[in-house]
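Order of the sequence lines fixes the chain letters, A, B, ..., with proteins taken first and strands second; residue numbering starts at 1 for each chain. Not measured: the values here are computed from a predicted model.
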Amino acid sequence: MRWSSAFIPTLRDDPTDAEAVSHKLLVRAGFMRQLMAGHYSMTPLGFRSLRKLEAIVREEMEKIGGQEFQLPCMHPREIWEKSGRWSTMGDEMFRLQDRKEADVALGMTHEEIFAFHAAELRSYKSLPQIWYQFQSKFRDEARPKSGLLRVREFTMKDSYSFDLDEAGLDHSFDRHFEAYRRMFKRFGFEIVAVEASSGSMGGNTSIEFMLRTDAGEDWVAGCGGCGYAANVEKAESVIPEIADGEGLAEPEKFPTPGVKTIDDLAKMDGGAAGDRQIKTLVYKIDEKDVLILLRGDHQLSEQKLVDQVESETMRPAEPGEIKKLLGALPGSLGAVGRGDLFVIADLALQGRKDMVTGANEDGFHLRGVDLARDIDVKGWLDLREVQNGEACPMGGKGLEVYKTLEVGHIFKLGTKYSEAMGATVQNENGESVTLVMGSYGIGLERNLAAVVEANHDENGICWPVNIAPYEVCVTVVKPKDVECHEAGERLYEKLSESGIDVIIDDRDERPGVKFKDADLVGFPYRVTIGPKGLADGVFEFVRRRDGQKRDIPIEHAAETIVEAVLDERS
RNA sequence: CGGGCCGUGGCGCAGUCUGGUAGCGCGCUUGACUGGGGGUCAAGAGGUCGCGGGUUCAAGUCCCGCCGGCCCGACCA
């Protein structure tokens, strides 16, 4: 490619509406443009990199026996109703009607559709199957943000495994796990694999692949000692036991005027520290009132609650509803004496005595509360969100909680979708068996942005060779000079013929402009061809990621460059 | 969906409070000098001031409504 005839719209300034590094750089370096919130057009440079990323994913999928499909992105309502997700997906699913007023959805994911086709599988002999596709996904995100990191329309490689039993699923899952690890390595960044909540996908096990970056929006708790890592939606930790006094023979009410929060009560004379309080939350779970109890200084992980309670809907109760139910407003709530209500308590409260909690009368609390004696807890669950510094559950060191970006997610689904779609095969004994499914997703655009988040400096992007739109940029310092021009053209020809993705910067621009542009766009290697070097019989060869420069003799220049590039392809 | 901020040449912004000729930097075009990290000079092109209504002799500026974008939060296979 000749820069002089390429469409590479670089910008001198950061776009004002960009915050994330990858967003700023991908726009500035001319890889993409926004069409509307959450929808981006990839320009030729961006599309080249995206295709390279896609090729890597495809290679790794083929390696584990994946077979590529292409499914429609518009789906009939019926198929989503069969799985129950027409209603559970809510506003996040784009919906429209055709001319016959039939309901149609834009696919957010394809479990239903692949399971529908898997219903054609007849015999255990044809298992396992791994099916995949690259397809646009549509999700009506409440808040698209950070450029490509959170969008409403994107390309995903999604694959689905079909096995006869759990053992088969485990194997397909493990194969994917390894394939994903290889992909991220080839993309040029390190990931942590964490246990995750499966969210609305259903199923029991899921692993997220996380890139550590402040541009992310998921929190992970990781142990430096043993390698344990989990999304905070799922993470556990060990906290020191607290020795309680015997307390009182029965709870005693005392006035706490003006106390509205855990902190207020901790600071009040005659109050109690956060870890001696019981925090009482009221939730409407399938419109039934439920009290949730936690230690005062702990935070509820709503996702843990969702994952452990079977329900269609869940929401915090409104203040009005709470007043009506308990007779007091938040700040003075408690579960003592409310055996008529469903009470769920966090494990950290188990066995605690001499605690303080609300009296269900505004401005009053109870002291001397003994969980076992005074509160009728119907269920003990782990509901607490882990905090930075708490001990690792695997016996390692302290946990560090840090921000990450989810770059891939793999699920063991079980039979939810195969059952809904009637995807069964006959086993050796002629019995009908429901297929056991897994599903595995990786968003292409988000991963492209992740590569940038992990590979950039103050001057621009530093693409790894594998993802770079062009591997080498030949900068002709003085294109009007015949010798310069011809030397550049010759090298460009040789590199092209050797199969290198090369762009020649033949624009009649000042050298500084070309260097800045090349750094911004982020080609892994750049060759400077100018009068100075020519006089000495050399080209200057520059590596983007560390700025390493060396002069290479013109006669071996092409070979040297080809070798350097091939060395880094993987 | 709640809170905040913002829409003015391609990009970044000033002008809006206090109504009165639409401006600046970068980029772009042409020419000259230049030429190893965004050079200099000269001459140009380019804007229904997000959209609609209203007030006024007069609206980028004031009022009402709408649309769009960004950030925080809620939400998020």
Side-chain angles (χ1 to χ4, degrees), chain A residues 7 9-20 23-24 27-28 30 33-39 80 83 85 88-93 105 107-112 137-147 149-152 154 156 158 160 196-203 206 208 216-218 231 233 302-303 306 314-316 405-406 408-411 413 416-417 438-443 446 459-460 475-481 484 505 507-520 526-536 538-540 542 547 549 551:
Chain A
F7 179 62
T10 58
L11 263 22
R12 190 181 283 237
D13 303 309
D14 278 335
T16 181
D17 55 3
E19 193 78 13
H23 186 191
K24 289 180 185 169
V27 171
R28 264 192 72 197
R33 288 293 185 261
Q34 185 180 60
L35 180 63
M36 58 174 167
H39 300 258
W80 282 87
S83 67
R85 292 207 289 185
T88 57
M89 282 306 188
D91 289 338
E92 211 176 316
M93 183 143 79
M108 338 182 23
T109 175
H110 283 72
E111 280 76 18
E112 281 81 355
K137 304 291 191 229
F138 298 88
R139 293 178 188 177
D140 194 354
E141 291 285 347
R143 181 148 94 88
K145 57 180 280 200
S146 306
L149 295 182
R150 183 163 214 76
V151 293
R152 304 205 303 171
F154 62 98
M156 180 157 109
D158 46 326
Y160 304 85
S197 160
S198 299
S200 73
M201 292 293 286
S206 89
E208 284 173 326
E217 43 191 6
D218 282 305
N231 194 306
E233 292 176 347
E302 207 166 282
Q303 193 62 48
V306 169
M314 181 179 296
R315 66 175 172 87
L405 175 69
E406 178 190 334
H409 201 161
I410 60 179
F411 301 85
L413 293 177
K416 175 175 175 178
Y417 302 98
S439 101
Y440 316 88
I442 180 168
R446 179 182 281 197
N459 294 315
T475 305
V476 182
V477 171
K478 208 172 170 184
K480 281 178 175 167
D481 177 274
C484 265
D505 193 347
R507 293 174 299 170
D508 184 20
E509 288 288 351
R510 308 209 25 117
V513 173
K514 299 184 179 191
F515 297 149
K516 287 284 185 192
D517 264 347
D519 285 349
L520 176 60
R526 196 173 58 69
V527 188
T528 314
I529 296 180
K532 284 185 188 172
L534 288 179
D536 298 336
V538 296
F539 298 150
E540 186 186 58
V542 190
K549 291 180 181 174
D551 287 334

Exercise. With rounding to the nearest 0.5 Å, note down the distance linking CG in A:Asp505 to NZ in A:Lys514.
Key: 4.5 Å

Exercise. Tell me the partner of B:G44, counting only Watson-Crick (N1-N3 plus N6-O4 or O6-N4) or G-U wobble (N1-O2 and O6-N3) with both under 3.5 Å; none if nothing fits.
Key: B:C28

Quiz item: Does B:C1 pair with anything, Watson-Crick or G-U wobble, both distances under 3.5 Å, and if so, with which nucleotide?
Solution: B:G73

Quiz item: Taking only N and O in the side chain of A:Thr16, is any of them less than 4.0 Å away from OP1 or OP2 of B:C6?
Solution: no

Quiz item: Applying a 3.5 Å limit to both distances, which nucleotide forms a Watson-Crick or G-U wobble pair with B:G23?
Solution: B:C13

Quiz item: Base, sugar-phosphate alone, or nothing: which one does A:Phe154 contact when heavy atoms must sit under 4.0 Å apart?
Solution: base

Quiz item: When rounded to the nearest Å, what value does the distance between C1' atoms of B:U48 and B:U8 take?
Solution: 12 Å

Practice problem: Summarise protein proximity over nucleotides 35-46 of chain B in one line of letters, 5' to 3': B for base, S for sugar-phosphate only, - for none, counting protein heavy atoms closer than 4.0 Å. | Solution: BBBBB-------

Quiz prompt | Inter-nucleotide P distance (B:C71, B:G35), Å rounded | solution = 45 Å

Quiz item: A:Met36 near the nucleic acid: base, sugar-phosphate alone, or nothing, with a heavy-atom cut-off under 4.0 Å?
Solution: sugar-phosphate

Quiz item: Whole Å only: how far is the CD atom of A:Glu141 from the C1' atom of B:G69?
Solution: 17 Å

Exercise. With the side chain counted from C-beta on, respond yes when A:Trp80 and A:Thr88 share a heavy-atom pair under 4.5 Å apart, and no when they do not.
Key: no

Quiz item: Have A:His110 and A:Lys137 got a donor and an acceptor in their side chains that come within less than 3.5 Å?
Solution: yes

Quiz item: Hey, does A:Glu233 reach any base, or is it just sugar-phosphate, or nothing, if we go heavy atoms under 4.0 Å?
Solution: nothing

Practice problem: Supply the atom-to-atom distance A:Glu233 CD to A:Asp218 CG, rounded to the nearest 0.5 angstrom. | Solution: 6.5 Å

Quiz item: CD/A:Gln34 to NE2/A:His23 distance, rounded to the nearest 0.5 angstrom?
Solution: 6.0 Å

Quiz prompt | A:Gly147 vs A:Ile442, nearer the 5' end of RNA chain B by closest nucleotide | solution = A:Gly147

Quiz item: For B:G35, which nucleotide is its Watson-Crick or G-U wobble mate, given both distances must be under 3.5 Å?
Solution: none

Quiz prompt | P gap between B:U40 and B:G25, integer Å | solution = 12 Å

Practice problem: Please assess A:Lys416 against A:Glu111 for the test salt bridge (charged side-chain N to carboxylate O under 4.0 Å, His left out), listing each intermediate value before the final yes or no. | Solution: CA-CA 10 Å; A:Lys416 175 175 175 178; A:Glu111 280 76 18; over 6 Å; no

Quiz item: Given the C1' atoms of B:C57 and B:G2, what is the spacing between them in whole Å?
Solution: 44 Å

Self-check item: Residue matched to B:U56 through Watson-Crick or wobble contacts both under 3.5 angstrom
Solution: none

Quiz item: Taking the same atom, P, in B:G27 and in B:U21, what whole-Å distance lies between them?
Solution: 30 Å

Self-check item: Approximate separation, where rounding is to 0.5 Å, of A:Glu208 CD and A:His409 NE2
Solution: 4.5 Å

Quiz item: How would you label the contact of A:Ala37 with the nucleic acid (heavy atoms, under 4.0 Å): base, sugar-phosphate, or nothing?
Solution: sugar-phosphate

Exercise. Please state the C1' separation for the pair B:G65 and B:A43 - nearest whole angstrom.
Key: 46 Å

Quiz prompt | Closest contact, heavy atoms only, A:Pro9 versus A:Arg33 | solution = O-NH2, 2.7 Å

Practice problem: Indicate, with a heavy-atom threshold strictly under 4.0 Å, whether A:Lys137 touches base, sugar-phosphate, or nothing. | Solution: nothing

Exercise. In whole angstrom, give me the gap between the C1' atoms of B:C11 and B:U55.
Key: 36 Å

Quiz item: According to a strict under-4.0 Å criterion, is A:Arg143 in side-chain N/O contact with OP1 or OP2 of B:C1?
Solution: no

Practice problem: Would you kindly give the CG-to-C1' distance between A:Asp17 and B:C13, to the nearest whole Å? | Solution: 14 Å

Quiz prompt | B:G65 - base-pair partner by Watson-Crick or wobble geometry, distances under 3.5 Å | solution = B:C51

Quiz item: Counting just side-chain N and O atoms, does A:Gln34 come under 4.0 Å of either OP1 or OP2 of B:C70?
Solution: yes

Self-check item: Atom CG of A:Asp551: over 12 foreign heavy atoms under 6.0 Å
Solution: yes

Quiz prompt | B:G3 versus B:A58 - spacing of their C1' atoms, nearest Å | solution = 38 Å

